[in-house]
Every structure is written in structure tokens, then in C-alpha cells.
K.L.:
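Could you have a look at this structure, given as C-alpha cells, before my questions?
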Amino acid sequence: MTLSLQFFSLLLMVFSGILVGAIIEGTRFVTGSFPRRSYVYKYRIVLEIFVWIALGLCSFFVLFEVRDGVWRIYDPLAQIVGILLYDQLFQPVFRLIGRIFLRLIIQPIWWIICFIWLVVNKTFLLIWTLISFIFKPFHFLFQKTWHLALQKKPNMRYNRKYTKK
């Protein structure tokens with residue numbers, strides 16, 4: 001293994017530590033923004049554990065691609081350095097980028113989805129109101145007819161004495 005490959009893998013582990021810090025903070029931000037009664041908020045610790053496991057597997061995959069899975073003691077230290085670098089240097093930048101992404105991309109898409117949902121919902125409500133208004137007289141007639149059809153018919157025997165029971 002050459003020295004340049006070791007240096008490249010060290011920088012890669014530092015960079016992956018920076019990404020791990022950003023992903024964990026993003027996960028905490030997203031799960032914390034849900035209402036307290038939602039399942040995502042209740043099980044946010046379990047979700048974060050799964051994210052940590054996925055990040056560990058991704059880190060091992062990076063090591064596997066770069067050095068055929070050879071693990072050295074400076075790899076987790078480089079990731080810890082990357083997490084600390086994220087916390088000290090890159091956190092304000094990532095938060096600013098996240099806010100810009102949220103305001104310029106996510107919120108307009110959410111507003112469009114809400115508007116489409118509102119239009120579809122109101123259209124179906126209008127159609128349902130019109131159909132119920134049109135069929136209201138028929139419904140009244142149907143109820144009266146159905147009521148008469150279900151009534152017990154009177155027993156009309158003219159000569160009760162000679163009819164069999």
C-alpha cells in the first residue's frame with residue numbers, strides 16, 4: 001500500500017466523518033420537527049440507531065472500495081476528526097445551505113402539493129354536493145316507496161270463517 005493511497009483514505013475518512021456529522025444532525029432536525037404524537041417523533045431514537053448502522057456500513061463500503069476492507073486504527077480517529085471538524089467549522093455552512101434548500105425547493109413543492117390537494121378535494125366536494133342536490137327529491141321518493149314496500153300488508157280476508165289459517 002502506497003503512502004499516497006493511505007493519505008487518500010485518511011482524507012476520505014475525514015470527509016466521511018464530515019458527512020456523518022451532517023447526516024446525523026439532519027436526521028435529528030427532521031425527526032425533531034415532527035409533532036410529538038407522531039410515530040416518527042416517538043421512535044426517533046430507533047430511527048437514529050438505524051441511521052448510525054447505515055452510516056457505519058457505508059463507511060465500511062468506502063474502506064472496502066479504497067483498500068479492500070483493510071481497517072486501520074487511524075480510520076475511526078479520522079472519522080471522529082471529521083465529525084469534530086463538521087461541528088466546529090462546517091455546521092453553520094450546512095445549516096445555511098439547509099435553510100436555503102428548505103426555503104427555495106422544499107416549501108414551494110409542498111405548497112404546490114397542498115394546493116393541488118385542496119383543488120382536488122374541493123372539486124370532489126362540489127361534485128358530491130351537486131349529485132346529492134340533484135338526487136335529493138329521488139331519495140325522498142325512494143325512502144317513501146321503500147317504507148311502503150316494507151310495511152306489513154294487511155290481511156284482507158273477507159270471510160274469516162271459511163278461510164284457513
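Every value quoted in this text rests on a predicted model; they were computed, and no experiment measured them.
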K.L.:
Report the distance from atom CG of L85 to atom CD1 of I80, rounding to the nearest 0.5 Å.
P.N.:
12.5 Å
K.L.:
State the NE2-OG distance between H139 and S132, to the nearest 0.5 angstrom.
P.N.:
10.5 Å
K.L.:
Could you tell me the separation between the CD1 atom of I24 and the CG atom of L19, rounded to the nearest 0.5 Å?
P.N.:
11.5 Å
K.L.:
Taking side chain as C-beta onward, heavy atoms only, is P137 less than 4.5 Å from F142?
P.N.:
no
K.L.:
How many angstroms lie between atom CZ of F135 and atom CG of L130, to the nearest 0.5 angstrom?
P.N.:
11.5 Å
K.L.:
Between L63 and I53, is there a shared hydrophobic cluster once you connect ILVMFWY residues whose side-chain heavy atoms come closer than 4.5 Å?
P.N.:
no
K.L.:
Check residues 36-47 and write down every donor-acceptor pair under 3.5 Å in which the side-chain atom is one partner and the other belongs to a residue at least two apart or another chain.
P.N.:
residue : atom : partner : partner atom : Å
R36     : NH1  : Y41     : OH           : 2.5
S38     : OG   : P35     : O            : 2.8
S38     : OG   : Y41     : N            : 3.4
R44     : NH1  : Y41     : O            : 2.8

K.L.:
At what distance, to the nearest 0.5 angstrom, does CG of N121 lie from CD1 of I116?
P.N.:
13.5 Å
K.L.:
Between I18 and I23, is there shared hydrophobic-cluster membership here, with clusters defined by ILVMFWY side-chain heavy atoms closer than 4.5 Å?
P.N.:
no
K.L.:
Checking side-chain contact (heavy atoms from CB on, under 4.5 Å) for the pair F7/L11: CA distance, chi angles, key distance, verdict?
P.N.:
CA-CA 6 Å; F7 183 69; L11 287 179; 3.3 Å; yes
K.L.:
Could you pull out the closest heavy-atom pair between L125 and T129, with the gap in Å?
P.N.:
O-OG1, 2.7 Å
K.L.:
Once side-chain hydrogen bond (donor to acceptor under 3.5 Å, both in side chains) is applied, what residue pairs with a partner in residues 15-26 remain, sequence neighbours excluded?
P.N.:
S16-Q79, E25-Y86, E25-Q91, E25-R95
K.L.:
When hydrophobic residues are tied together by side-chain contacts of less than 4.5 Å, even through go-betweens, does F8 share a cluster with M13?
P.N.:
yes
K.L.:
Could you note down all residue pairs passing salt bridge (Lys or Arg N to Asp or Glu O under 4.0 Å) where residues 104-125 supplies at least one of them, sequence neighbours left out?
P.N.:
none
K.L.:
Can you list every pair that meets salt bridge (Lys or Arg N to Asp or Glu O under 4.0 Å) and has a residue in residues 75-86, with sequence neighbours left out?
P.N.:
R67-D75
K.L.:
Taking salt bridge (Lys or Arg N to Asp or Glu O under 4.0 Å) as the definition, give me every residue that meets it alongside E48, ordered by chain and number, with sequence neighbours left out.
P.N.:
R28
K.L.:
Quick check on the hydrophobic clustering: are V14 and F94 connected, directly or via other members, by side-chain heavy-atom contacts under 4.5 Å?
P.N.:
yes
K.L.:
What closest approach, in Å, do G21 and I83 show between heavy atoms, and which atom pair accounts for it?
P.N.:
N-CG1, 4.3 Å
K.L.:
So if you build clusters from Ile, Leu, Val, Met, Phe, Trp, Tyr with side-chain heavy-atom gaps below 4.5 Å, do F124 and I134 land together?
P.N.:
no
K.L.:
Let me have the donor-acceptor pairs involving side chains of residues 101-113, under 3.5 Å, with sequence neighbours excluded, atom names and distances please.
P.N.:
none

K.L.:
Once you round to the nearest 0.5 Å, how far does CD1 of I131 lie from NZ of K136?
P.N.:
14.5 Å
